[in-house]
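Here the structure is a predicted model, which means the values were calculated and not measured. Because only heavy atoms are used, hydrogens play no part in the values below, and waters and symmetry mates are left out as well, while side chains stay in.
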Amino acid sequence: MKKFILSALAATLVASPLLAAAPAEAQQRREVTTVRHNDNGRTVVTKRTVVRTPQYRNWRAGQRFDRRQAQNYRVITTYRNYRLAPPPRAHQWVRSGRDAILIDGRGNVVQVRGGAFR
């Protein structure tokens, strides 16, 4: 009986992240069905899948940086090529779209340079 309870508990722990991730995917994909009746008596059924693109952010100083919300996220190691100042200790430059963002070690946005990339 004890093994059964432990295996049920382990299965619940494994399955819970999978169940939580399913609604997020359902929000991004949606199927639309359109039914039309023509003048000649025929019925036309059209199905299409609508895929939402993720919403990217405009970053401001003081915000919490999340790389999943950054467009074209990359860590910038050659900051001099883009005329950026060397980052202080425990900070790094990252790219989000056309902007260069300086984030600290905790993931907070310190500085935003808009249009640093062409």
Applying side chain to side chain contact (heavy atoms under 4.5 Å, CB included), can you list everything that pairs with [X], at least two apart in sequence or on another chain?
X   : answer
R36 : N38, V44
D39 : none
R74 : N72, R95

- Residue set satisfying side-chain hydrogen bond (donor to acceptor under 3.5 Å, both in side chains) with T46, at least two apart, ordered chain then number -> none

- Task: Taking side-chain hydrogen bond (donor to acceptor under 3.5 Å, both in side chains) as the test, write out the residues that go with Q63, two or more places apart.
- Result: R57

- Query: Which heavy atom of R113 sits nearest a heavy atom of R83, and at what distance?
  - Reply: NH1-O, 3.8 Å

- Message: Using every non-hydrogen atom in the two residues, find where S96 and W59 come nearest and quote the distance to one decimal.
- Response: OG-NE1, 3.1 Å

- Message: Within this structure, what is the CD-CG distance for the pair Q111 and D99, rounded to the nearest 0.5 Å?
- Response: 12.0 Å

- Item | Co-members of the apolar cluster containing V45 [side chain, <4.5 Å] | V35

- Give a yes or no on whether V112 and Y79 share a hydrophobic cluster (residues Ile, Leu, Val, Met, Phe, Trp, Tyr; joining criterion: side-chain heavy atoms under 4.5 Å apart). no

- Query: Are any non-hydrogen side-chain atoms of R67 and V94 less than 4.5 angstrom apart?
  - Reply: no

Scan the side chains in residues 101-108 for donor-acceptor partners under 3.5 Å anywhere in the protein, sequence neighbours excluded, and list what turns up.
| unit_1 | atom_1 | unit_2 | atom_2 | d |
| --- | --- | --- | --- | --- |
| D104 | OD1 | R106 | N | 3.3 |
| D104 | OD1 | G107 | N | 3.1 |
| D104 | OD1 | N108 | N | 2.7 |

- Task: Before giving the answer on side chain to side chain contact (heavy atoms under 4.5 Å, CB included), spell out for Y73 and R68 the whole-Å C-alpha distance, their side-chain angles and the decisive distance to 0.1 Å.
- Result: CA-CA 8 Å; Y73 168 79; R68 291 174 293 179; over 6 Å; no

- Is there any ring pair (Phe, Tyr, Trp, His ring centres under 6.0 Å) pair reaching into residues 91-110, and which pairs are they, with sequence neighbours excluded? none

- Scan for ring pair (Phe, Tyr, Trp, His ring centres under 6.0 Å) pairs involving residues 97-118, sequence neighbours excluded, and state none if there are none. Y82-F117

